[in-house]
Amino acid sequence: MVQTPVRFKKGIAIELRRKGLSYSDIQNSINLPRSTIAYWLKDIELSDEQKEKLKVKRSRVAKANSEKRVARILRETEEIKRSSAKEIGGITKRELWLMGVMLYWRERFLLGNDNDLRKGVRFTSSDPELIKLFLKWLQEIGKIEDEEVAFDIFVSKDKKGSIDKIKGHWSSVTGFSKGHFSRVYFYKSGGSEFGLLRTRVKASSLLARQIAGWIKGVQKSL
């Protein structure tokens, strides 16, 4: 393959620059270091129109590169998530038991729910997956039957017109019919689209005492 002498490449670079090409485009055409090209072309002035075109192109290239980086990061993230999910495998009954204890411990800490020995077991969240986890825990670890479970919805006043939709959402999440969500409480404003769901276990003082003991056991083991 015949190589173009460097002295001719300089003339090509100047001609391409005068046509309004960017340093990157010229570098791709003549295959020389960018520093060399910049030195050759430092005195070449571009028209305002050419400068504007280069500015638009740089912006377009930067956006495309940014989108590629984001797409790459998303692909890598999804691959890590898939790989990590496989590491979990099946969850044993003991693991589920400890997960529920930790979850409820956090609930008591956040809400200052130290009176649960009197009022019974309650768990509040806006996260559907945490609600599902807690219900599974109640059924498999607490041996709680569906008729022993009740729900309260807390939602902002501006969602009053969407109560049926909100009940439908939580019904879908929990697997309980809309009739189980008759108690709705309103707060001033803010919060998520479907508000908070409080799961209550009727007459659950015994379970509350068990949980309190389990938490103390975990504390002693730390």
Side-chain angles (χ1 to χ4, degrees), residues 1-91 99 102-103 106-107 109-110 124-134 153-166 168-170 172-173 186-197:
M1 180 175 164
V2 178
Q3 297 291 327
T4 305
V6 172
R7 64 179 182 277
F8 293 131
K9 286 187 175 183
K10 180 177 181 180
I12 294 171
I14 292 173
E15 181 180 353
L16 292 176
R17 184 59 172 174
R18 284 174 174 163
K19 288 181 179 180
L21 272 68
S22 68
Y23 286 180
S24 295
D25 290 334
I26 296 170
Q27 184 180 21
N28 291 335
S29 297
I30 63 177
N31 193 28
L32 282 176
R34 187 184 180 91
S35 58
T36 299
I37 294 170
Y39 177 74
W40 285 346
L41 305 179
K42 65 182 186 298
D43 296 325
I44 304 296
E45 286 290 331
L46 299 179
S47 67
D48 291 341
E49 182 181 357
Q50 289 173 327
K51 290 178 181 178
E52 183 61 28
K53 285 183 179 180
L54 286 178
K55 180 180 178 181
V56 171
K57 183 179 180 180
R58 281 195 296 270
S59 177
R60 187 167 59 246
V61 170
K63 182 179 179 182
N65 289 337
S66 176
E67 291 173 348
K68 287 180 182 178
R69 284 195 298 272
V70 170
R72 175 177 54 79
I73 291 171
L74 288 176
R75 286 195 303 271
E76 292 174 352
T77 300
E78 287 304 312
E79 180 56 35
I80 291 171
K81 287 164 65 176
R82 282 193 295 270
S83 176
S84 299
K86 291 178 182 178
E87 294 175 2
I88 297 298
I91 296 175
M99 288 166 66
M102 295 299 97
L103 192 63
R106 181 176 183 274
E107 165 88 356
F109 175 76
L110 290 178
T124 306
S125 180
S126 63
D127 188 325
E129 300 308 319
L130 289 182
I131 294 292
K132 289 178 184 178
L133 173 59
F134 190 68
I153 294 174
F154 296 85
V155 69
S156 60
K157 290 182 179 179
D158 61 334
K159 300 291 194 307
K160 282 187 176 181
S162 304
I163 294 303
D164 190 63
K165 177 182 176 182
I166 291 171
H169 168 75
W170 289 119
S172 177
V173 168
F186 296 98
Y187 48 82
K188 290 184 179 180
S189 62
S192 62
E193 180 182 2
F194 298 105
L196 297 166
L197 183 68

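As a basis for the values below, the full set of heavy atoms in this structure was taken, side chains included, without hydrogen atoms, waters or symmetry mates. These numbers were taken from a predicted model, which means no experiment stands behind them.
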Within 6.0 Å of CG in Asn31, more than 12 heavy atoms from elsewhere: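 For Asn31, atom CG is not crowded (no more than 12 foreign heavy atoms under 6.0 Å).
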task: Return yes when atom NZ of Lys63 has more than 12 non-hydrogen atoms of other residues, nucleotides or ligands closer than 6.0 Å, and no otherwise.
output: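 Check fails, neighbour count at 12 or below.
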- prompt: With a 4.0 Å cut-off, would you call Glu15 and Arg18 a salt bridge?
  reply: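 No, no charged N to carboxylate O under 4.0 Å.
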query: Are Glu78 and Arg75 within salt-bridge range, i.e. N to O under 4.0 Å?
result: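 Answer for the salt bridge query: no.
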- request: Given side-chain contact (heavy atoms from CB on, under 4.5 Å), test Lys51 with Glu45 step by step and report yes or no.
  value: CA-CA 9 Å; Lys51 290 178 181 178; Glu45 286 290 331; 4.1 Å; yes
task: Check the pair Phe134 / Leu103 against side-chain contact (heavy atoms from CB on, under 4.5 Å), numbers first and verdict last.
output: CA-CA 8 Å; Phe134 190 68; Leu103 192 63; 4.2 Å; yes
Closest approach of [X] and [Y], non-hydrogen atoms and distance?
X	Y	answer
Gly195	Tyr187	CA-OH, 4.0 Å
Leu32	Trp40	CD1-CH2, 3.3 Å
Gly20	Leu54	O-CD2, 3.3 Å
Arg17	Ser22	NH1-CA, 3.7 Å
Ser29	Leu16	CB-CD1, 3.9 Å
Glu193	Lys165	OE2-NZ, 3.2 Å

Can you tell me how far the [atom1] atom of [X] sits from the [atom2] atom of [Y], to the nearest 0.5 Å?
X	Y	atom1	atom2	value
Tyr39	Lys10	OH	NZ	7.0 Å
Lys42	Ile37	NZ	CD1	14.0 Å
Lys19	Leu46	NZ	CG	14.0 Å
Thr124	Ile153	OG1	CD1	12.0 Å
Asp127	Lys132	CG	NZ	9.5 Å

Using modelled atom types only, decide if a donor and an acceptor are shared between the side chain of [X] and the backbone of [Y] within a distance under 3.5 Å.
X	Y	answer
Lys9	Ile30	yes
Trp170	Leu196	no
Thr77	Ile73	yes
Asp25	Leu21	no

message: Between Asp158 and Ser156, is the side chain to side chain donor-acceptor pair (under 3.5 Å) condition met? List the steps.
response: CA-CA 6 Å; Asp158 61 334; Ser156 60; 2.3 Å; yes
